[in-house]
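Reminder, nothing fancy here: chain letters follow the sequence lines and each chain counts from 1.
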Amino acid sequence: MSPATEKTPSAVFLRGIWEENPVLIQLLGLCPALAVTNTVENAIAMSVATTFVLVGSSSIVSLIKRWVPAQVRISTYIMIIATFVTIVDLSMGAVAPGASRALGAFVPLIVVNCMILGRQEAFASKNPLGFSVLDALGVSAGFWIALLILGGVRELLGAGTLLGVQVMPVAWEPWVIMILPPGGFLTLGVVLLLMGWWTERGEETEEAVQPRRWPQGVRTEQPAGRVRAGSGGSDGTDRTGGRH
Amino acid sequence: MSERDLPMDEGGGDGGAGPAPGKRQPSPWQLIGTLGGAAVLAGFAIVLVYQWAHPQILAHRADRLRSAVQQVLGDPDSYRPMYVVDDELRDTLPAGADSADAATVYAGFHEGRLAGFAVPGEKPGYQDVVRLIFGYDPREDRVIGMTVLQSKETPGLGAKITSDSSFIGEFEGIEPPLVGVKEDGDGPHEVDMITGATISSEAVIEIINERLGAVGDALRDGASGVAPASAAGRGETARDGGAGDADAGGSP
């Protein structure tokens, strides 16, 4: 994989798929990833909706970045995202009522998917339109992959079907827990375990184990002032604790 | 979030074409203008999409209701909405009456004769509100069918109230008041509940009992005067006493 600093169109696109996969590596956007992946169909519907919102918001944010003062940028981004979410919610109700009913409140909740605001803040607000769209498409593809894995495993074990088609033998007793919320956590945990194990194996074959890189746009250095603020806060708690 | 957490002013993070570091403090009007402008554009976009989508959403909802009414009344030739206001069955909502005061029912007709009423109802189930519609034959005083319109009950357990054909079949020809039983209920009032989904099954039974308690008298009294075409004055059926003699077992 190319280093995170490299900025070619393909690197920008591919980064979101694996190296910085929003769900499986950055652990962002877990609410939709866990909540609606009890069938492959729901996973696809959620991925389509999220892709639309992410690509739309990244394009607009990238286009207007020059005119948005830093002080109101979060409010502006959220407004843009909320507009796209409302559009996708209404459109799904109009053209895909079944999917809209199945996803229920989780379509409006795309507004608070931190993966989407994260891309605006970390990428689209600093990059030209082309790169921002590529970045959004790459991250969306990563989201698709993660949701399809979760949805596939959960539907297969929890209902014995894939996309509604019976796959497991009829004698298979479905594990109902897999289509309930705990099944989402279990599946995600196992997928992360396998991925960690796979990555570690790959690194052992290289000559040196590389330190894990932070996803692009995440600040790793702690500002000194923040540390002081933190310790001050804990002093405060101690005092409060002493009074009780 | 404090000022030092804002990563905006560093162009270096991505090494790309970031916005110029904001040295100059923007005026309050600039901030209000940005948010206001974005809000106006967002409003236009949403209203445009809404105007396109809303009629279709309403059409889908009507489709669903139509197929549900067809299902619970056994494929009637036609049906039309009627209203129960103050224990009286009416063709139209009286002027001034809020739809919240009135219960909407759907009268279905087979070859010009009343086949029954489809009555919607809702109540909290195990996870969320269960909304259903059931068919009721006022002459025989029987429930003739039930279908769940909306539920978020547990998949594999409570969700069977929407899909389990033997449970749904229990509601064909059953007599109110309905009583849920754990196994092999053969009595005219008995409904076999779904194993592992007692709360969801009971919610369905209670919805039907409650709705019949609320509108059952009006439906039985008004049934004789109901014709397929909405004729003026037809809904104003004379009520010959009898109100309250057949309490359908409303409150749980």
Side-chain angles (χ1 to χ4, degrees), chain A residues 4-7 38-39 60 64-77 79-80 82-84 86-98 100-101 104-105 121-123 125-128 131 158-159 174-180 183 216-219 223-226 229, chain B residues 1-22 24-28 30-39 41-61 63-64 128 149-150 152 154-157 159 196:
Chain A
T5 47
E6 193 184 325
K7 204 146 152 195
N38 48 9
T39 65
I60 302 284
I64 65 164
K65 60 181 182 287
R66 187 190 304 261
W67 296 287
V68 179
Q71 289 84 344
V72 293
R73 71 190 194 289
I74 299 285
S75 340
T76 313
Y77 299 164
M79 208 185 307
I80 292 167
T83 306
F84 277 103
T86 311
I87 289 173
V88 88
D89 189 26
L90 288 169
S91 310
M92 275 179 82
V95 300
S100 174
R101 228 180 6 258
E121 179 75 2
F123 200 92
S125 60
K126 299 170 187 166
N127 287 281
F131 277 130
W175 305 358
V176 172
I177 193 169
M178 294 306 281
I179 49 179
L180 299 178
Q216 186 163 5
V218 174
R219 284 163 46 127
R226 202 178 152 137
Chain B
M1 193 187 237
S2 65
E3 193 68 29
R4 61 177 167 268
D5 287 329
L6 303 179
M8 191 64 173
D9 289 346
E10 329 178 314
D14 284 320
R24 189 175 54 85
Q25 195 73 10
S27 75
Q30 212 175 332
L31 302 182
I32 293 171
T34 307
L35 283 176
L41 292 178
F44 271 112
I46 288 173
V47 169
L48 269 179
V49 176
Y50 180 80
Q51 284 185 331
W52 161 76
H54 192 60
Q56 302 192 47
I57 293 173
L58 289 184
H60 288 310
R61 210 173 287 168
D63 268 353
R64 244 174 96 65
D128 199 354
L149 293 172
Q150 181 197 324
K152 292 198 172 70
T154 320
L157 297 172

Engineer: So, do B:Gln25 and A:Gln71 sit near enough that their side-chain heavy atoms are less than 4.5 Å apart?
Structural biologist: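 Sidechains of A:Gln71 and B:Gln25: in contact.
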Engineer: Please classify the contact of A:Val72 with chain B as side chain, backbone, both or neither, using a heavy-atom distance under 4.5 Å.
Structural biologist: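 For A:Val72, the contact with chain B is made by backbone and side chain together.
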Engineer: Under the rule for side chain to side chain donor-acceptor pair (under 3.5 Å), what residues qualify as partners of B:Gln30, not counting sequence neighbours?
Structural biologist: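 So B:Gln30 forms no side chain to side chain donor-acceptor pair (under 3.5 Å) with any residue.
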Engineer: Tell me, side chain or backbone of B:Arg61 under 4.5 Å from chain A's heavy atoms, or both, or neither?
Structural biologist: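 Interface part for B:Arg61: neither.
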Engineer: Is B:Ala39 in contact with chain A via its backbone, its side chain, both, or neither, using a 4.5 Å heavy-atom distance?
Structural biologist: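 Both backbone and side chain.
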Engineer: Does a side-chain heavy-atom distance below 4.5 Å link B:Ile57 with A:Leu90?
Structural biologist: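 Contact flag for B:Ile57/A:Leu90 side chains = yes.
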Engineer: So which of B:Gly33, B:Gly43, B:Ala53 has the largest heavy-atom pair count under 4.5 angstrom toward chain A?
Structural biologist: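 Answer, by heavy-atom pair count under 4.5 Å with chain A: B:Ala53.
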Engineer: Could you walk me through whether A:Arg101 and B:His60 pass side chain to side chain contact (heavy atoms under 4.5 Å, CB included), step by step?
Structural biologist: CA-CA 11 Å; A:Arg101 228 180 6 258; B:His60 288 310; over 6 Å; no
Engineer: State the CE-CG distance between A:Met79 and B:Leu41, to the nearest 0.5 angstrom.
Structural biologist: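 Interatomic distance, A:Met79 CE to B:Leu41 CG, rounded to 0.5 Å: 10.0 Å.
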Engineer: Check A:Val95 against B:Trp52 and note the closest heavy-atom contact, atom names and distance.
Structural biologist: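 Reported closest heavy-atom pair: CG1-CH2, 3.9 Å.
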Engineer: Tell me, side chain or backbone of A:Ser91 under 4.5 Å from chain B's heavy atoms, or both, or neither?
Structural biologist: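 The answer is both parts of A:Ser91.
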Engineer: Using a cut-off of under 4.5 Å for heavy-atom pairs, which of B:Leu48, B:Asp63, B:Leu58, B:Ile46 has the most such pairs with chain A?
Structural biologist: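 With the most close heavy-atom pairs to chain A, the winner is B:Ile46.
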